[in-house]
Amino acid sequence: MHKVEAIIKPFKLDEVKDALNGIGIQGITVSEVKGFGRQKGHTELYRGAEYVVDFLPKIKVEVVVTDDLVSKVTEAIQGAANTGRIGDGKIFVLPVVEAVRIRTGERGEEAI
């Protein structure tokens, strides 16, 4: 099992969700996060005063899948979240040692 985490632009969430549904992924976790990478934020003007916005709003999508679905999931997210512009985000793939469904006690792949 692997956990796929993607940091994407907020307006791309629906496209990513639809792409994951299209390959059979039934459950995802979504969080509103803030951060920056190479973008390093930007400056804005408010009531005549300039200030730096260095933490930009992003969406973090998390999904735990079996090993055979990892490449399909990363490709689906990459295709749906890509705008070709700076700040499109990142995808991280991490190993999952154990998963437990709280309600039934199922473990491993049965729990996801």
Side-chain angles (χ1 to χ4, degrees):
M1 294 179 296
H2 282 82
K3 179 180 185 180
V4 179
E5 291 183 358
I7 309 297
I8 62 171
K9 291 183 175 183
F11 67 89
K12 285 295 197 170
L13 177 58
D14 286 337
E15 291 177 50
V16 168
K17 182 183 69 138
D18 292 343
L20 291 173
N21 283 337
I23 61 168
I25 301 302
Q26 296 179 347
I28 64 173
T29 301
V30 176
S31 307
E32 292 181 9
V33 296
K34 291 181 183 252
F36 67 90
R38 290 185 181 165
Q39 277 179 283
K40 304 249 189 321
H42 61 276
T43 59
E44 288 188 3
L45 199 61
Y46 179 72
R47 294 190 176 186
E50 194 173 276
Y51 64 99
V52 176
V53 178
D54 53 358
F55 288 102
L56 302 172
K58 300 289 183 179
I59 295 292
K60 181 176 174 181
V61 177
E62 300 171 275
V63 58
V64 177
V65 295
T66 56
D67 295 342
D68 59 320
L69 288 176
V70 172
S71 62
K72 281 185 180 179
V73 168
T74 56
E75 289 169 10
I77 293 171
Q78 184 177 7
N82 185 15
T83 66
R85 308 184 101 196
I86 193 165
D88 275 352
K90 296 267 192 307
I91 300 172
F92 304 101
V93 179
L94 304 103
V96 173
V97 176
E98 181 69 279
V100 179
R101 187 183 310 266
I102 294 172
R103 179 177 54 87
T104 62
E106 292 171 296
R107 293 181 170 269
E109 292 184 6
E110 292 81 34
I112 59 172

Inset, instruction - Might you point out which heavy atoms bring Lys9 and Ile86 nearest each other, and give the distance in Å? - result: NZ-O, 3.4 Å

Inset, instruction - Give the minimum heavy-atom separation between Glu106 and Ala111, together with the two atoms involved. - result: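 In this case the closest contact between Glu106 and Ala111 is O-CB, 3.4 Å.
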
Quick check on the hydrophobic clustering: are [X] and [Y] connected, directly or via other members, by side-chain heavy-atom contacts under 4.5 Å?
X	Y	answer
Val30	Ile112	no
Val64	Val93	no
Ile59	Ile28	yes
Ile25	Ile91	yes
Phe92	Val61	no

Output the distance between atom [atom1] ([X]) and atom [atom2] ([Y]), rounded to the nearest 0.5 Å.
X	Y	atom1	atom2	answer
Asn21	Gln26	CG	CD	8.5 Å
Ile7	Glu62	CD1	CD	8.0 Å
Lys34	Lys58	NZ	NZ	11.5 Å
Met1	Leu69	CE	CG	13.0 Å

Inset, instruction - State, yes or no, whether a side-chain contact exists between Asp14 and Lys17 at a heavy-atom distance under 4.5 Å. - result: yes

Show me the side-chain donor-acceptor pairs of residues 73-82 shorter than 3.5 Å, one per line, residues at least two apart or across chains.
residue: Thr74; atom: OG1; partner: Val70; partner atom: O; Å: 3.2
residue: Thr74; atom: OG1; partner: Ser71; partner atom: O; Å: 3.0
residue: Asn82; atom: OD1; partner: Gly84; partner atom: N; Å: 2.8

Inset, instruction - Give a yes or no on whether a salt bridge exists between Arg101 and Glu110, defined as a side-chain N under 4.0 angstrom from a carboxylate O. - result: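 Salt bridge between Arg101 and Glu110, a charged N being under 4.0 Å from a carboxylate O: no.
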
Inset, instruction - Apply side chain to side chain donor-acceptor pair (under 3.5 Å) to Asp67 and list each qualifying residue two or more places apart in sequence or on a separate chain. - result: His2

Inset, instruction - Evaluate whether atom CD of Glu98 has more than 12 neighbouring non-hydrogen atoms of other residues, nucleotides or ligands under 6.0 angstrom away. - result: yes

Legend entry - Backbone of Val33 reached by a side-chain donor or acceptor of Ser31 within 3.5 Å: no

